[in-house]
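Because only heavy atoms are used, hydrogens play no part in the values below, and waters and symmetry mates are left out as well, while side chains stay in. In the text below, chain A, chain B and the rest are named by the order of the sequence lines, each starting its count at 1.
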Protein chains: 2
Amino acid sequence: METKELFNSQGLRCTRQRLEVYEALAMSKRHPTAEELFRTVKTSQCVLSRATVYNTLETFCEHGLCRKLPSTEGGARYDADLSDHLHLTTISGDVHDVPSDLGIRLLKSLSAETIAEIEGRLGVSVKRVDIALHVDADF
Amino acid sequence: METKELFNSQGLRCTRQRLEVYEALAMSKRHPTAEELFRTVKTSQCVLSRATVYNTLETFCEHGLCRKLPSTEGGARYDADLSDHLHLTTISGDVHDVPSDLGIRLLKSLSAETIAEIEGRLGVSVKRVDIALHVDADF
DNA sequence: TTTCCTGCAAAAGCTTTGCAAGTAC
DNA sequence: GTACTTGCAAAGCTTTTGCAGGAAA
């Protein structure tokens with residue numbers, strides 16, 4: 001679906017700012033923070049304020065267009081990929097996507113081999129696993 | 001192990017503030033925020049500043065005495081229970097412990113029955129599940 | 001006595017809010 | 001034209017920092 005139709009289907013007006021923020025978010029594989037989105041979109045010849053980024057992201061979350069990811073430090077991160085997957089945060093704060101099957105195996109057996117597989121497949125350095133189920137919006 | 005011995009085993013000095021913060025955290029089943037711990041401990045005839053609470057909690061985390069839980073809103077939450085379990089956050093922001101086996105079943109099959117079981121066993125109202133694996137400290 | 005810890009106050013970082021001007025529909 | 005959206009600036013909340021005084025070992 002085109003982004004404009006996506007907004008319309010949710011009763012959201014299609015503004016330049018929303019389009020750019022949404023597309024920057026959907027394009028990114030880095031699960032960006034509000035600040036990162038602000039800097040990405042602002043430079044691309046679009047008038048934009050931080051307040052709008054925050055408002056926009058909250059609106060997107062409310063309408064199921066993206067998800068706010070829990071984090072322990074820095075600002076909140078956002079993900080427009082609502083498909084079935086988990087997230088893995090490295091010591092540096094980066095967030096990586098993890099296929100559900102791999103994540104579930106990790107949960108079932110945090111063996112050295114599983115960790116090695118995670119590290120190999122994602123190219124990250126795993127230091128500790130802190131697992132949480134977050135239940136915070138409509139089913 | 002007594003709390004004082006626990007501190008000593010980690011090379012930490014045993015101060016009034018640390019003892020009270022640690023025991024308030026260990027006693028609580030609510031996964032309190034720094035602010036909540038500050039208010040709990042401060043009222044119980046103990047001189048305490050917010051800065052000390054933050055310093056203390058970071059020190060505890062560094063020494064493996066507690067864990068910082070990722071969250072999407074409000075302040076970070078802390079848990080001194082390092083045993084094998086997962087967390088479930090409700091729409092109101094409360095964090096509940098979930099036995100690992102139940103959490104893994106949730107991950108494997110987010111069926112209506114599983115949700116109902118979660119709700120029944122924890123007495124909470126589940127609205128959405130947002131799942132993340134956080135890897136952010138030493139293994 | 002030495003080293004570590006605490007409190008205070010200030011600052012920094014992230015996010016929200018009120019309101020007037022502007023824009024989508 | 002109406003209702004929604006934006007930008008700005010200020011405020012709010014959480015967390016960190018520098019430093020001097022104080023306490024543990």
Quick one, give me the B/S/- string for nucleotides 7-14 of chain C, reading 5' to 3', where B means a protein heavy atom under 4.0 Å from the base and S means that only happens at the primed atoms, P, OP1 or OP2.
BB-----S
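- Every pair passing salt bridge (charged side-chain N to carboxylate O under 4.0 Å, His left out) that includes a residue from residues 10-23 of chain B is listed here, sequence neighbours excluded: R16(B)-E20(B).
- One axis for each end of the helix from dT1(C)-dA25(D) to dC25(C)-dG1(D), each built from five base pairs, and the angle between them comes to 40° at 10° resolution.
- Partners of T43(A) according to the side-chain contact (heavy atoms from CB on, under 4.5 Å) rule, which considers only residues two or more places apart in sequence or in another chain, do not exist here.
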Worked check of salt bridge (Lys or Arg N to Asp or Glu O under 4.0 Å) between K68(A) and E73(B):
CA-CA 10 Å; K68(A) 190 175 185 178; E73(B) 56 206 50; 5.0 Å; no
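- The shortest side-chain heavy-atom distance between R30(A) and V95(A) does not fall under the 4.5 Å cut-off.
- Atom CZ of F38(B) and atom P of dT16(D) are 16 Å apart (whole Å).
- Of all heavy-atom pairs between V21(B) and L57(B), the closest is CG1-CD2, 4.2 Å.
- Each of Y54(B), F7(B), Y78(B) was scored for a ring pair (Phe, Tyr, Trp, His ring centres under 6.0 Å) with F60(B), with one residue passing: F7(B).
- Listed by first then second residue, pairs satisfying salt bridge (charged side-chain N to carboxylate O under 4.0 Å, His left out) with a partner in residues 48-63 of chain B read E35(B)-R50(B), not counting sequence neighbours.
- In this structure, E58(B) atom CD and dC5(C) atom P are separated by 12 Å, rounded to whole Å.
- Looking at S9(B), its side chain does come within 3.5 Å of a backbone N or O of L6(B) through a donor-acceptor pair.
- Two residues are said to be in side-chain contact when any heavy atoms from C-beta on lie closer than 4.5 Å; L65(A) and L12(A) meet this criterion.
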Start with the C-alpha distance between H31(A) and D81(A), add both sets of side-chain angles, then the distance that settles side chain to side chain donor-acceptor pair (under 3.5 Å), and finish with yes or no.
CA-CA 9 Å; H31(A) 310 85; D81(A) 177 2; over 6 Å; no
Pull out every protein N or O sitting under 3.5 Å from an N or O of nucleotides 23-25 of chain C, one pair per line with the distance.
| from | atom 1 | to | atom 2 | distance (Å) |
| --- | --- | --- | --- | --- |
| dA24(C) | N3 | R13(A) | NH1 | 3.0 |
| dC25(C) | OP1 | C14(A) | N | 3.3 |

